[in-house]
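So that the names make sense, note that chain A is the first sequence line, chain B the second, and so on, each numbered from 1. Nothing here was measured: the structure is a model prediction, and the numbers come from that model. All values below come from the heavy atoms of this structure, side chains included, with hydrogens, waters and symmetry mates left out.
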2 protein chains.
Amino acid sequence: MAEIRQTEIARLARVSQATVSRVLNNDPQVNEELRQRVLAVVEALGYVPDARAQSLRAQRTRLLGLVVHRAPTALAHDPFFSALIASIIEQAGKQGYHLCVDAARTVKGQRAIYEELLRTRRVDGLILVESETRDERIARLTAEGFPFVLIGRYEPEDAIYTVDNDNIGAARMATEYLLQQGRRRIAYIGGPAGLTVTRDRLRGYRDALQAWGMNYDARLVAFGAFSEQGGARAMCELLSLPHAPDAVLALDDVLAIGAMREAQRHQLRIPEDIAFIGFNDTPLCSFVEPSLTSVAIDIAALARAATQRLIDLIEGRSPSPRRLIVPSRLVPRESA
Amino acid sequence: MAEIRQTEIARLARVSQATVSRVLNNDPQVNEELRQRVLAVVEALGYVPDARAQSLRAQRTRLLGLVVHRAPTALAHDPFFSALIASIIEQAGKQGYHLCVDAARTVKGQRAIYEELLRTRRVDGLILVESETRDERIARLTAEGFPFVLIGRYEPEDAIYTVDNDNIGAARMATEYLLQQGRRRIAYIGGPAGLTVTRDRLRGYRDALQAWGMNYDARLVAFGAFSEQGGARAMCELLSLPHAPDAVLALDDVLAIGAMREAQRHQLRIPEDIAFIGFNDTPLCSFVEPSLTSVAIDIAALARAATQRLIDLIEGRSPSPRRLIVPSRLVPRESA
DNA sequence: TTGTAGGCGTTATCAG
DNA sequence: CTGATAACGCCTACAA
């Protein structure tokens with residue numbers, strides 16, 4: 001089957017190629033008869049414009065980029081990203097955009113991927129997740145004026161476009177929930193220490209303690225890689241303390257589950273001896289035994305909002321305000 | 001910051017734009033001194049070629065397409081796709097390809113997406129999953145000579161390029177495992193009935209029964225949507241039989257877990273009263289209670305092989321044989 | 001209202 | 001070995 005171009009359509013409809021283009025772009029100026037002739041041929045041949053040519057000409061690809069900062073194996077075990085990707089695709093698709101997903105395993109790989117996506121103009125804009133306090137990517141993108149939206153928080157808060165949970169508030173709420181239950185030695189297990197989300201939730205945790213007039217004990221705070229193992233290792237550390245914790249707030253469900261498993265290996269009863277709360281309310285929560293209480297992040301809402309803002313930016317609109325907060329809520333189950 | 005093009009590099013290096021292009025494409029004919037001059041400027045400005053222009057010129061985008069046939073919510077709850085996507089990205093990235101993921105919720109949406117990806121030439125090739133026995137997409141792609149690889153099976157087997165598990169063999173193995181344990185009323189819960197994978201595993205199940213001289217009882221076979229609910233509903237049906245099953249082989253882990261939960265609601269003990277085996281060996285398996293015995297599909301291997309074959313096809317190589325089988329193995333846990 | 005022509009940034013073919 | 005020059009397929013002034 002021969003490749004069909006506008007010149008071919010033009011020939012068959014006995015008009016100029018420019019007219020074909022006009023018809024396809026709904027130019028109201030074209031004569032109705034010509035329009036019909038063109039459309040008939042377009043229909044008959046099933047012609048669709050070449051996205052590559054359109055991209056060059058229009059200087060945009062209608063492609064959004066998402067770069068995931070996890071090793072593929074970690075990604076596979078983390079429902080957060082499936083949910084994120086799925087919702088982005090859905091929202092983007094509604095407006096004729098597609099999603100290009102990349103993964104950056106190593107740190108140097110990250111730089112390379114961002115550099116490539118940015119400079120090659122392969123995508124029109126980027127969605128970032130997991131920002132660090134001082135994020136090179138963000139400085140770079142901002143300097144270039146490249147459209148991007150961060151799912152997360154960044155300071156100064158009005159410097160860039162962000163969509164985020166109220167992490168500080170949510171962690172505070174979860175911690176107070178534990179305090180209300182009478183827990184008095186509450187531990188916090190974060191992800192990698194440099195991540196904003198790790199720090200924000202730690203802040204909320206500390207705020208709750210302070211509000212209740214309790215001392216902050218740095219020994220009750222541990223950090224782990226985003227994996228069950230990471231959670232187990234952190235828990236192990238916490239259990240070796242002279243005075244073991246009676247509750248744990250973990251940065252995400254996978255970490256929480258890893259920690260919970262470790263506690264079970266130490267013969268602790270959940271929630272009698274120790275309570276657990278995770279984050280994300282992933283499907284895992286109801287599958288584990290005991291089921292895991294978790295803070296439900298509205299991932300779909302985050303993804304939708306981020307995607308919409310990115311498209312707005314790309315198309316020259318300026319969403320306001322710069323920072324958008326999506327609420328989250330606690331989903332109580334057996335573990336706390 | 002001004003956009004940098006080859007003409008700009010050329011001006012600064014005092015050569016023609018054509019020479020810049022040659023240097024960037026490693027044309028061995030260029031004089032070493034000019035090459036150095038050009039490279040110095042390229043380096044200094046951090047120039048990277050525009051992917052859009054390259055795409056038009058080279059008639060390829062270095063983009064692979066994956067279309068997922070699940071609603072976004074279902075996707076979010078299914079670790080199979082995270083694993084698939086992650087592994088495809090990894091393999092593709094090694095050779096300078098990127099991945100464009102799309103989702104087709106509705107059936108008419110599917111046609112449209114395939115039509116678009118194909119005709120607009122937005123991607124160089126497609127990875128298909130979940131083939132149906134008579135698959136319109138496949139006929140269409142084949143007719144167009146568009147590069148694609150199917151993860152799954154299709155008949156006739158040498159018509160297209162496929163990568164697949166040995167579904168028939170795996171289902172047979174799992175069924176025989178149950179038979180060896182003394183189970184005698186083994187049920188099968190498939191996904192949507194039209195899917196090849198549903199039928200292949202049913203075939204393996206029947207083969208095992210036959211090899212053991214047992215009758216096939218159609219009432220022991222149920223089909224469900226890919227969700228926990230789908231599994232629960234199918235199980236409900238099976239439990240209403242005059243003679244309830246003592247084992248269940250389910251098409252995937254999520255279905256198996258749904259079915260298992262339903263059995264538990266009916267006060268059945270697992271595995272004493274009824275055994276369960278799922279497919280995919282997703283992380284869920286070890287999280288549920290009791291942990292789920294599952295056939296481990298090597299998703300990463302499938303994804304890698306499919307991706308590599310697709311790239312080979314795109315670049316004009318003809319992988320052989322057309323059909324590639326990736327082995328799978330049973331991972332015994334508590335449920336069977 | 002329609003057609004002609006230029007250019008988006010590359011790569012590749014020709015001369016020189 | 002290098003520099004003009006012509007595509008790639010599309011959109012859009014500008015001209016008729």
Are any of the side-chain heavy atoms of Phe148(A) and Ile138(A) separated by less than 4.5 Å? yes
Could you check whether atom CD of Glu33(A) has more than 12 heavy atoms from other residues, nucleotides or ligands sitting under 6.0 Å from it? no
So does Glu43(B) have more than 12 non-hydrogen atoms from other groups sitting under 6.0 Å from CD? no
Partner residues of Asn165(B) under the side-chain hydrogen bond (donor to acceptor under 3.5 Å, both in side chains) criterion, sequence neighbours left out: none
List for me each residue that meets ring pair (Phe, Tyr, Trp, His ring centres under 6.0 Å) alongside Phe146(B), sequence neighbours excluded, and say none if there are none. none
Identify each donor-acceptor pair in which a side-chain atom of residues 308-315 of chain A lies under 3.5 Å from a protein atom, sequence neighbours left out, and give them as a table.
{"from": "Gln308(A)", "atom 1": "OE1", "to": "Gln91(A)", "atom 2": "NE2", "distance (Å)": "2.9"}
{"from": "Gln308(A)", "atom 1": "OE1", "to": "Gln95(A)", "atom 2": "NE2", "distance (Å)": "2.3"}
{"from": "Gln308(A)", "atom 1": "NE2", "to": "Asp312(A)", "atom 2": "OD1", "distance (Å)": "3.2"}
{"from": "Arg309(A)", "atom 1": "NH1", "to": "Pro321(A)", "atom 2": "O", "distance (Å)": "3.1"}
{"from": "Arg309(A)", "atom 1": "NH1", "to": "Arg322(A)", "atom 2": "O", "distance (Å)": "3.0"}
{"from": "Arg309(A)", "atom 1": "NH2", "to": "Pro321(A)", "atom 2": "O", "distance (Å)": "2.5"}
{"from": "Asp312(A)", "atom 1": "OD1", "to": "Arg317(A)", "atom 2": "NE", "distance (Å)": "3.0"}
{"from": "Asp312(A)", "atom 1": "OD1", "to": "Arg317(A)", "atom 2": "NH2", "distance (Å)": "2.8"}
{"from": "Glu315(A)", "atom 1": "OE1", "to": "Arg317(A)", "atom 2": "NH1", "distance (Å)": "3.2"}
{"from": "Glu315(A)", "atom 1": "OE1", "to": "Arg317(A)", "atom 2": "NH2", "distance (Å)": "3.0"}
{"from": "Glu315(A)", "atom 1": "OE2", "to": "Tyr97(A)", "atom 2": "OH", "distance (Å)": "2.9"}

The first and last nucleotides of DNA chain D lying within contact of chain A, meaning any atom under 4.0 Å from one of its heavy atoms, run from dG9(D) to dA13(D)
Looking at Thr19(A), I'd like to know whether one of its side-chain N or O atoms comes within less than 4.0 Å of OP1 or OP2 on dT2(C). no
Protein-proximity profile, nucleotides 8-16 of chain C, B/S/- by nucleotide at the 4.0 Å heavy-atom cutoff, equals BBBBBB---
Would you check if the side chain of Thr162(B) reaches a backbone N or O of Arg323(B) as a donor-acceptor pair within less than 3.5 Å? no
Please list all pairs passing the side-chain hydrogen bond (donor to acceptor under 3.5 Å, both in side chains) test where one or both residues lie in residues 7-18 of chain A, with sequence neighbours left out. Gln6(A)-Gln17(A), Glu8(A)-Arg11(A), Ser16(A)-Thr19(A)
